[in-house]
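Following: one structure in structure tokens, then a few remarks.
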Protein chains: 2
Amino acid sequence: MKAADKAKHRTDMISSALRSAILERVLMPGMKLPEDSLGERFGVSRTLIRQSLERLAAEGLVELRRNKGAMVARPSLEEARDLFELRTQIEDLVISRVVKNMSPEILGELESHLAKEVEAEHASEPISIRLATEFHILLARLAGSPVLLRYVEEIGYRCGLTLSLYARPHSTDCGIQEHRQIIDALAKGDEDTARKLMRHHLTAVADRALFRTEEGGPLLYLDALEPYAKKVRDGGA
Amino acid sequence: MKAADKAKHRTDMISSALRSAILERVLMPGMKLPEDSLGERFGVSRTLIRQSLERLAAEGLVELRRNKGAMVARPSLEEARDLFELRTQIEDLVISRVVKNMSPEILGELESHLAKEVEAEHASEPISIRLATEFHILLARLAGSPVLLRYVEEIGYRCGLTLSLYARPHSTDCGIQEHRQIIDALAKGDEDTARKLMRHHLTAVADRALFRTEEGGPLLYLDALEPYAKKVRDGGA
DNA sequence: GTATAAAGGATTGCATGCAATTTCGCCACA
DNA sequence: TGTGGCGAAATTGCATGCAATCCTTTATAC
């Protein structure tokens, strides 16, 4: 039996690449995602592209209109509100589970991630946004419930997408300072404080998403996602 | 523009049919789901079957092992516990939202569903199980959050699947009496009581799933799902 | 000049074909 | 009799082809 039994395969890699491209704002909301062009760029046939798009559609990152192709989702303000509200409640569940599971290893993982965030603070904005999102996902993983993890991932991704539509450009979208405080509260086992901090943190992020840019209709598809495609074609991790 | 713009299409219908078959215990956990046979039975090609299976796999109803085909999921006891715990917490969120949205129409929908449950009480067991599951889903719909609805659906389905693995056969899996009480509490706007009742209700269901049947390996695929396939082939709703 | 209709091009929906992988049966051999 | 390996059958992974649908452009009528 190969060690690569759990090898992620091409569909997974393509999905990940597209997801990253969306979250890092290389693919903006409203952009069309034609199967042919994507297939050509990733070096696979439409079959795999279609699978990936359907997966992303299930996550709410892509809109899939019948006979009219896929495009990066453009969540409405109403959906966005719903999403952010649900997010605070779901992450409440995460917090209480992480407090219950708290251990040195867990603390270590959190610290290690925060270090990465600090390091990337002055790097390119998309990367710091991604790391900020991944902080929440790491927390969810540490909560120990696979299903909860999936939900936090999905909500987190969709909130990220929403921010790229509605948030003002220059917001440091997730305060590193706030992550710091949350970790400290968790380390002390202070569930209540951690909860409050998380709530405040998420509310702050949501509030920054208040006024919209009102950018017009569907943009044209941009093929500057070469870096994403390359990884997939090379079969790299 | 056709009125049938939102026409559910074949993949949706097949997914629904398979989901029903799983929840109504026509397809038991561990059964193999070969693309060919299913395609033949539903009158479509493997392409659509594959799409459906992937969708169900995303919901956790189907396990999809690489190069080894699909089978009805066999959730472990650990997963089951996780699922039931998460379920009570998620449905807490549902309760408080429904209380906030309470209105005569909503009450009407609840009553109307309960009537169906009462009517089917002495009908075949699979149908009453399905109706019981749908009570929770109806509540989630009335909560007004599409994402929350999806999560409740998924968790509910998976819990239903779990019950078909671990629960004793003759349990009236969801007390109609308990649904009755929950509706009453909601009607009075008594969030706390409704929450407690729901918690108790779900715990009761989960507890019935304590001792396992320990049925062996993967069974053989049964093609007695003709009724499900027929609807799909006829294009009926 | 505007509006409507028809033709052409582009894109998706679905089926099928071929190669790769796994599984199962069979036979040899200890 | 039990075990190991080899080969055929079954099944999935992926690509491609054709038909159906939608969008765009052009031509024609008012």
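So that the names make sense, note that chain A is the first sequence line, chain B the second, and so on, each numbered from 1.
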Could you go through B/Arg97 and A/Gln89, starting from their C-alpha distance and side-chain angles, then the distance that decides it, and tell me whether this counts as side chain to side chain donor-acceptor pair (under 3.5 Å)? CA-CA 12 Å; B/Arg97 284 176 196 229; A/Gln89 297 175 321; 2.6 Å; yes
What is the separation between atom [atom1] on [X] and atom [atom2] on [N], rounded to the nearest whole Å?
{"X": "B/Arg66", "N": "D/dG13", "atom1": "CZ", "atom2": "C1'", "result": "7 Å"}
{"X": "B/Glu35", "N": "C/dT16", "atom1": "CD", "atom2": "C1'", "result": "13 Å"}
{"X": "A/Glu40", "N": "C/dT11", "atom1": "CD", "atom2": "C1'", "result": "14 Å"}
{"X": "B/Ile49", "N": "D/dT11", "atom1": "CD1", "atom2": "C1'", "result": "14 Å"}
{"X": "A/Leu33", "N": "C/dT12", "atom1": "CG", "atom2": "P", "result": "9 Å"}
{"X": "B/Asp36", "N": "D/dA9", "atom1": "CG", "atom2": "P", "result": "16 Å"}
{"X": "B/Met71", "N": "D/dT11", "atom1": "CE", "atom2": "C1'", "result": "16 Å"}
{"X": "B/Gln51", "N": "D/dC14", "atom1": "CD", "atom2": "P", "result": "15 Å"}

Taking for A/Asn67 and for B/Arg65 the nucleotide of DNA chain D with the nearest heavy atom, the one nearer the 5' end belongs to B/Arg65
The reported gap from CG in A/Leu202 to CD in A/Glu85 (rounded to nearest 0.5 angstrom) is 12.5 Å
- [ ] Please confirm whether B/His136 and B/His179 have ring centers closer than 6.0 angstrom.
- [x] yes
**Prompt:** Between B/Glu134 and B/Lys116, is there a side-chain N and carboxylate O pair less than 4.0 Å apart?
**Reply:** no
| Is it true that A/Glu154 and A/Arg150 have a side-chain N and a carboxylate O under 4.0 angstrom from each other? | no
Side-chain atoms of A/Arg46 come closest, of D/dG17, D/dA15, C/dA15, to D/dG17
Any [X] side-chain N or O less than 4.0 Å from OP1/OP2 of [N]:
{"X": "B/Arg10", "N": "C/dC14", "result": "yes"}
{"X": "B/Arg50", "N": "D/dG13", "result": "yes"}
{"X": "A/Lys68", "N": "C/dT12", "result": "no"}
{"X": "B/Thr47", "N": "C/dC14", "result": "no"}

